[in-house]
Amino acid sequence: MDAQAQKKAAAVAALEFIGEGMKVGLGTGSTADLFIDALGEKVKQGLNVLCVPTSIASEKRARALGIALSTLDETPQLDVTVDGADEILDPSLVLIKGGGGALTREKIVAASSEKVVVIADQSKLKTEATFGAFPLPVEILPFGAAATILKMRRAIGKLGMGGDLVVRQHGGAPFVTDNGGLIVDCHLGHISEPEKLAGKLGRIPGVVEQGLFVGIASVALVAGAGDVMVLERPAD
Ligand code: 5RP
């Protein structure tokens with residue numbers, strides 16, 4: 001199975017977690033898209049679910065497939081959210097998310113869900129030795145961006161880390177999130193203490209949300225060349 005087929009296998013496996021009448025959070029990204037497509041098929045076959053999307057892109061995709069949609073304001077408690085990830089740390093299931101720039105809504109929706117199912121191909125699965133190669137996305141307010149980035153750099157330095165902090169670009173201009181924010185990609189190379197880093201970045205004024213998801217994922221479905229592995233987050 002190539003990476004695309006692995007993503008699809010993980011996405012289809014996530015349907016096991018969806019039952020009749022459930023309230024479902026829909027993630028963002030190419031793997032989450034495959035789950036939305038698979039869910040759309042089930043809806044066509046008669047499954048009733050009410051879904052809350054984590055981005056405008058996922059909302060459009062789900063709407064086109066005839067999936068019933070809601071918002072967190074109307075439906076503040078969800079049964080399950082299914083989403084992708086940029087990296088998954090084994091075995092704690094700490095995630096790096098935000099490659100698609102939707103990390104803030106993704107985290108709010110995930111934190112409003114009884115269960116969070118992460119779907120991925122095996123390239124996303126990392127160990128303590130390899131976690132953090134993907135640049136950590138952080139959403140910040142445009143107001144005072146340079147000052148916020150300076151504080152982020154200092155906070156990262158205090159943890160003995162460093163690397164380039166780059167404002168994400170799109171079509172020659174800063175990428176703007178669905179919330180009107182900017183994304184700073186932190187090229188750290190390796191993250192050894194994700195919880196500490198999450199705490200420090202999250203406390204900086206101007207940071208809307210940082211892309212480390214600690215204690216949020218319940219289960220990861222990771223597809224390899226053969227089967228889909230089911231990894232459960234150990235009890236806290
Ligand atoms: C979007 C995300 C995505 O889940 C993450 O970037 C993985 O995307 P893909 O499935 O396309 O590899 O966090 O903000």
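We count ligands from 1, going down the list as the structure has it; atoms in each ligand are counted the same way. If you're wondering where the values come from, they're calculated on a predicted model, not measured in any experiment.
- With ligand atoms numbered from 1 in the order given, ligand 1 contributes 4 (O) to contacts under 4.0 Å with heavy atoms of Asp83.
- When hydrogens are left out, the protein atom nearest atom 11 (O) of ligand 1 is Ser30 OG, 2.5 Å; that is the closest non-hydrogen contact.
- Looking at Ala102 next to ligand 1, an N or O pair under 3.5 Å apart turns up.
- Scanning all protein heavy atoms for the shortest distance to atom 1 (C) of ligand 1 gives Glu106 OE2, 3.0 Å.
- Residue Gly84 approaches ligand 1 through these ligand atoms, each under 4.0 Å from one of its heavy atoms: 4 (O).
- Contact atoms of ligand 1 toward Gly100: 1 (C), 2 (C), 6 (O), 14 (O) (distance under 4.0 Å to a heavy atom of the residue).
- Counting non-hydrogen atoms of other residues, nucleotides and ligands closer than 6.0 Å to NZ of Lys8 gives a total of 12 or fewer.
- Proximity to Lys97 (heavy-atom distance under 4.0 Å) selects the following atoms of ligand 1: 2 (C), 3 (C), 4 (O), 13 (O).
- Near Thr31, the atoms of ligand 1 lying under 4.0 angstrom from a non-hydrogen atom of the residue are 9 (P), 10 (O).
- Contact annotation: for Ser55 versus ligand 1, there are no heavy atoms closer than 4.0 Å.
- Note that Lys107 lies in the cation-pi zone of Phe213, set by a 6.0 Å cut-off to the ring centre and a 45° limit from the axis.
- Using modelled atom types, no side-chain atom of Gln169 and backbone atom of Phe175 make a donor-acceptor pair closer than 3.5 Å.
- Of the residues Thr104, Thr28, Asp83, the one that meets the side-chain hydrogen bond (donor to acceptor under 3.5 Å, both in side chains) test with Lys97 is Asp83.
- The main-chain N or O of Gly98 is found under 3.5 Å from a side-chain atom of Asp86 such that the two form a donor-acceptor pair.
- Ser58 places no side-chain N or O within 3.5 Å of a backbone atom of Thr54 that could act as its donor or acceptor partner.
- The shortest non-hydrogen separation linking Ala62 to Leu69 is CB-CD2, 3.9 Å.
- Atoms of ligand 1 found under 4.0 Å from any heavy atom of Thr28 (numbered from 1 in listed order, with element): 1 (C), 2 (C), 3 (C), 4 (O).
- Close approach to Gly101 involves these atoms of ligand 1, each under 4.0 Å from a residue heavy atom: 14 (O).
- Ligand 1 is approached by Ala85 to a heavy-atom distance shorter than 4.0 Å.
- Remark: ligand 1 and Gly29 share no N or O pair separated by less than 3.5 Å (distance only, no angle test).
- Hydrophobic clustering of Ile, Leu, Val, Met, Phe, Trp and Tyr side chains at less than 4.5 Å, counting indirect connections, keeps Leu103 apart from Leu165.
- Leu65 has its side chain out of reach of Leu39: every pair of non-hydrogen atoms, C-beta onward, lies at least 4.5 Å apart.
- The main-chain N or O of Val207 is never found under 3.5 Å from a side-chain atom of Glu139 such that the two would form a donor-acceptor pair.
- The contact set between ligand 1 and Asp86, taken as ligand atoms under 4.0 Å from a residue heavy atom, comprises 5 (C), 6 (O), 7 (C), 13 (O).
- In this structure, atom 12 (O) of ligand 1 lies nearest to the protein heavy atom Lys124 NZ, 2.8 Å.
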